[in-house]
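If you're wondering where the values come from, they're calculated on a predicted model, not measured in any experiment.
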Amino acid sequence: MKIRTLFLTAIGATALAAPLAAQDFIAGLPREDTLIIQGPAAQNADWFNLWAPGGGASPNGNQQLSADTLWFINPEGSGDDAWQNALAASRPIYNDDFTQMTVELKDGIFWSDGEPFTAEDVVYTVETQMANPGMNWSAPFTINVESVEAPDDHTVVFNLNAPNSRFHTLFTVRWNAAWIMPEHVFSQVEDPLTATFNPPVSLSAYVLENYDANGQWAIWRLRDDWERTSIGMTLDEAPEVEYVVYRTAGNPDARVIEQLNHNLDVINDIAPEGMFTIVEQAGDTTAQWLPGFPFAHPDPTLPSVLLNNQLDKLSDPRVRWALALLIDIRAVSMGSYRGAANIAALSVPPTGSAIPDYYVPMQDWLIDYELDTGEGTIQPYNPDIAEQIAQLVTPQWGDSIPEDPELRKEMFGFGWWQQDAEAAAALLRSAGFTEQGDGWLTPEGEPFEMTLQVEGDNIPTLARAGTIIAQQWSLNGIPTEVVVAGPTHTQRLDVGDYEAAIFWTVETWGGHPDLSFFLESYHSDFLVPLGESQPPRNLNRWQNDELDAIIEENRTVPFDSPRVAELGMEYLQLAVEEMPFIPLMAYNKFAPFDTTYWTGYPSIENPYSASGPFWSNIRYMVVELEKTGG
């Protein structure tokens, strides 16, 4: 494949923050055929190997537009509407004891270089990663797969080492999954761990056209044979988006300017003030997930106060509960999101199917829940807190705030824990802490102080939340220092180099009640000592025998069984009792769309796809957009 150069001017990261830079950037591309998306800067932009760690940025269109695998789950859907067969012609077929999975593949799919996609590509993907420790899916394949075979070109049979009714999820995209490797390409390389896969051979509807070696942009072009892809087979006519540009767009303020100047069609995330500015200044040419306040799209992720359970001072659930009861979630919501937050008391995001599956049926349990403080019992849940937040923002947004209480719950969430300093003090005393002046001493006689780590300006809403919570803990006798970790944030969380942090440790399918996407990694088998890299996503390093039993049973239950939601509730009740981390809210992303050139974006009224451009599910959005004639 020869990559054609379409640029008249090469520009760097600094120029990208200027609105006029976009005009130079897309010189040579017909703007009316081009969708421009905010993408991340790529470290080692020459790397397109999605199967080995190489520093390339996968959310630059690589996995969103050119990779493919067996199935997708639409995080915005529910029930059958959430499931999408991609390379597979049907859902996974298990034997009775879940020790074998058979996959039927679609016929007529081709790689972008003209080679047919067959079962041999799937077999090669699994066997190659098992044979090369360090490849991205090597470990889960090695743990699960005894052997894999292809009886014919369109059938794959997996023989498993042990019963696992969730094995198919390794090939099921929610954000990403085990992408299929082109056997005819990788079988010719010396080492699949070091191969750059540049230029990449595409299995989906778009192919790489050009990219910036400094990692500032990448351009993808609609394949001439788009209909010979899994997504093309679902379309009646050619997609109208000919080119997709992923480009950095400066800081959150610069992104606002770029969209106001119609140089950025899709924003991944900005601060709430930026969203409000776009709505006020460009409402006629803007679309967003919600038609009114809070405008944001709630990802199926759960920003929380992570608590390092392996630290002695945080190993007792009573201490973790005390920290939770010192938080005023109303102040956190107003200070971080300007009230545009969907608060969460349960350890699952209040989005998608989790609302009818968990939040609605568990309200009575939450209201009746009693917490023993060691000096008495309290009922800590306040079902009216979300309504109180709605009242706080009503003066500014007026008619945008619905009167219907049920609609308010969709917008602001349900209840949360009532701030209760007296109950928190009682819990600390019962855990062996002693009061000294305005502060506390641990059972070992050390001052009870905390550090609360945040990433920083890259995610301004969560950084603000951390600052507010640190202030609340400090005002209640637990001096807390905010640590801005910047780009080292995830690395420090990974090895347990933190006390408390604002991050997400729970991410769900969104469109399905099964919680295995994160819950499987919470099993104690994966727990490691402090200083060692903790497999995602149990960054809290929570260990509990009851939790292990829930996870083990879930492995033996069919994916769509009613028992799945029952086990989910058992986990959620245990998480309330243990408080291994403190759930805060859904990750509301302010991701507006400019409608000057394109229309037909997903919304809460038409949730056919994820709206975040880093989600691989966005491929279903790109092919549905229509030209406006702008």
* Asked: If only atom types and distance count, is the side chain of Arg541 paired as donor or acceptor with the main-chain N or O of Val528 below 3.5 Å?
  -> yes

* Donor-acceptor pair, side chain of Gln63 and main chain of Asn176, under 3.5 angstrom -> no

* With Phe171, which of Trp179, Phe141, Phe72 fulfils ring pair (Phe, Tyr, Trp, His ring centres under 6.0 Å)? -> Phe141

* Report yes or no: is the cationic atom of Lys409 (NZ for Lys, CZ for Arg) closer than 6.0 Å to the six-membered ring centre of Tyr359, at no more than 45° off its axis? => no

* **Glu520 backbone acceptor or donor facing Ser516 side chain under 3.5 Å** => no

* If we only count heavy atoms from C-beta on, is the Pro380 to Trp321 side-chain gap below 4.5 Å? -> yes

* To do: For this output row, return yes or no: ring centroids of Phe503 and Tyr498 closer than 6.0 angstrom.
  => no

* Does the side chain of Asp497 come within less than 4.5 Å of Gln453's, by heavy atoms? -> no

* Is a side-chain N or O of Ser204 found less than 3.5 angstrom from the main chain of Asp68, in a donor-acceptor match? -> no

* To do: Would you kindly say whether Ser533 and Asp494 are connected by a side-chain donor-acceptor distance under 3.5 Å?
  => yes

* Return the minimal non-hydrogen interatomic distance between Pro59 and Gln64, and the atom names on each side. => CA-NE2, 3.2 Å

* Note, Tyr601 side chain near Leu625 side chain (heavy atom, < 4.5 Å) -> yes

* **Under the side-chain hydrogen bond (donor to acceptor under 3.5 Å, both in side chains) test, residues paired with Glu570 that sit two or more places apart** => Arg563

* Kindly give the heavy-atom pair with the smallest separation between Pro40 and Thr248, and that separation in Å. => C-CG2, 3.7 Å

* To do: Output, in order, the C-alpha distance, side-chain angles, deciding distance and verdict of side chain to side chain contact (heavy atoms under 4.5 Å, CB included) for Met334 and Ile468.
  => CA-CA 10 Å; Met334 295 300 294; Ile468 294 164; over 6 Å; no

* Structure fact -> Value for CD1 (Ile270) from CE (Met275), rounded to nearest 0.5 Å, stands at 6.0 Å

* In sequence, state the C-alpha distance, the side-chain angles, and the governing distance for Phe590 and Tyr337, and then conclude on side chain to side chain contact (heavy atoms under 4.5 Å, CB included). => CA-CA 10 Å; Phe590 299 97; Tyr337 273 95; 3.5 Å; yes

* Closest approach of Asn161 and Thr142, non-hydrogen atoms and distance? -> ND2-O, 3.5 Å

* Rounded to the nearest 0.5 Å, what separation is found between the NE2 atom of His523 and the CD atom of Glu552? -> 3.5 Å

* Structure fact -> From the list Phe593, Trp615, Trp289, ring pair (Phe, Tyr, Trp, His ring centres under 6.0 Å) with His297 holds only for Trp289

* Apply the test side-chain hydrogen bond (donor to acceptor under 3.5 Å, both in side chains) to residues Tyr522 and Thr505: give CA-CA distance (whole Å), side-chain angles for both, the deciding distance (0.1 Å), then the verdict. => CA-CA 10 Å; Tyr522 274 41; Thr505 188; 3.0 Å; yes

* To do: Just do the side-chain hydrogen bond (donor to acceptor under 3.5 Å, both in side chains) check on Tyr381 and Gln363 with the steps written out, would you?
  => CA-CA 10 Å; Tyr381 185 70; Gln363 285 305 298; 2.7 Å; yes

* Asked: Got a donor-acceptor contact below 3.5 angstrom from the Asn132 side chain to the Met135 backbone?
  -> no

* Ignoring hydrogens and geometry, is there a side-chain-to-backbone donor-acceptor pair from Ser138 to Gln129 under 3.5 Å? -> yes

* **Nearest atoms (heavy-atom pairs only) where Val173 meets Ser616** => CG1-CB, 3.7 Å

* Structure fact -> Given the options Thr467, Thr480, Asp328, Leu326, Gln472 meets side-chain contact (heavy atoms from CB on, under 4.5 Å) only with Asp328

* Asked: Between Pro602 and Ala610, what is the shortest heavy-atom contact and its length?
  -> CG-O, 3.9 Å

* Asked: With Asp316, which residues qualify under side chain to side chain contact (heavy atoms under 4.5 Å, CB included), at least two apart?
  -> Arg318, Val319, Ala431

* Under 3.5 Å, is there a donor-acceptor pair linking the side chains of Thr351 and Tyr587? -> no

* Using atom types as modelled and distance alone, determine if a side-chain donor or acceptor of Glu455 lies under 3.5 Å from a backbone N or O of His489. => no

* Are Ile551 and Asn554 close enough that some pair of their side-chain heavy atoms sits under 4.5 Å apart? -> no

* Say whether Asn617 and Ser609, considering side chains only, have a donor N or O and an acceptor N or O under 3.5 Å apart. => yes

* Asked: Would Arg338 count as a cation-pi partner of Phe276, with NZ or CZ less than 6.0 Å from the six-membered ring centre and within 45° of the ring normal?
  -> no

* Within-4.5 Å side-chain heavy-atom neighbours: Pro383 and Leu366 -> no

* What's the spacing between Glu566 CD and Ser561 OG if we round to 0.5 Å? -> 7.5 Å

* To do: Under the side chain to side chain contact (heavy atoms under 4.5 Å, CB included) rule, what do Leu567 and Leu515 come out as? Steps first, then yes or no, please.
  => CA-CA 9 Å; Leu567 287 168; Leu515 301 182; over 6 Å; no

* Within the side chain of Asp457, is there an N or O that forms a donor-acceptor pair under 3.5 Å with the backbone of Pro460? -> no

* **Partner of Phe167 under ring pair (Phe, Tyr, Trp, His ring centres under 6.0 Å), chosen from Trp71, Tyr94, Phe158, Phe559** => Phe158

* Structure fact -> Minimal heavy-atom distance between Gln38 and Asp269, with the atoms involved, is OE1-N, 3.5 Å

* Side chains of Val122 and Val103: closer than 4.5 Å at any heavy-atom pair? -> no

* Structure fact -> d(Asn308 CG, Leu493 CG) to nearest 0.5 Å is 9.5 Å

* Asked: What distance do Met569 atom CE and Met362 atom CE have between them, rounded to the nearest 0.5 Å?
  -> 6.5 Å

* Audit row: Glu578, Asn309, side chain to side chain contact (heavy atoms under 4.5 Å, CB included) steps and yes/no -> CA-CA 10 Å; Glu578 290 282 307; Asn309 287 210; over 6 Å; no

* **All pairs passing ring-ring contact (aromatic ring centres under 6.0 Å, His included) where residues 525-558 contributes a residue, at least two apart** => none

* To do: Keeping the roles fixed (side chain from Glu507, backbone from Thr301), state whether a donor-acceptor pair exists under 3.5 Å.
  => no

* Pairwise side-chain contact, Val576 with Leu346, heavy-atom cut-off 4.5 Å (strictly under) -> yes

* Decide yes or no for Ile343 and Ile389: does some side-chain heavy atom of the first lie under 4.5 Å from some side-chain heavy atom of the second? => yes

* Asked: Backbone N or O of Arg619 within a donor-acceptor pair of the Tyr206 side chain at under 3.5 Å?
  -> no

* Going through the distances and angles, do His512 and Asp560 end up as a side-chain hydrogen bond (donor to acceptor under 3.5 Å, both in side chains)? -> CA-CA 9 Å; His512 196 283; Asp560 293 320; 2.8 Å; yes

* Find the distance between CD1 (Ile502) and CD1 (Ile469) and round it off to the nearest 0.5 Å. => 4.0 Å

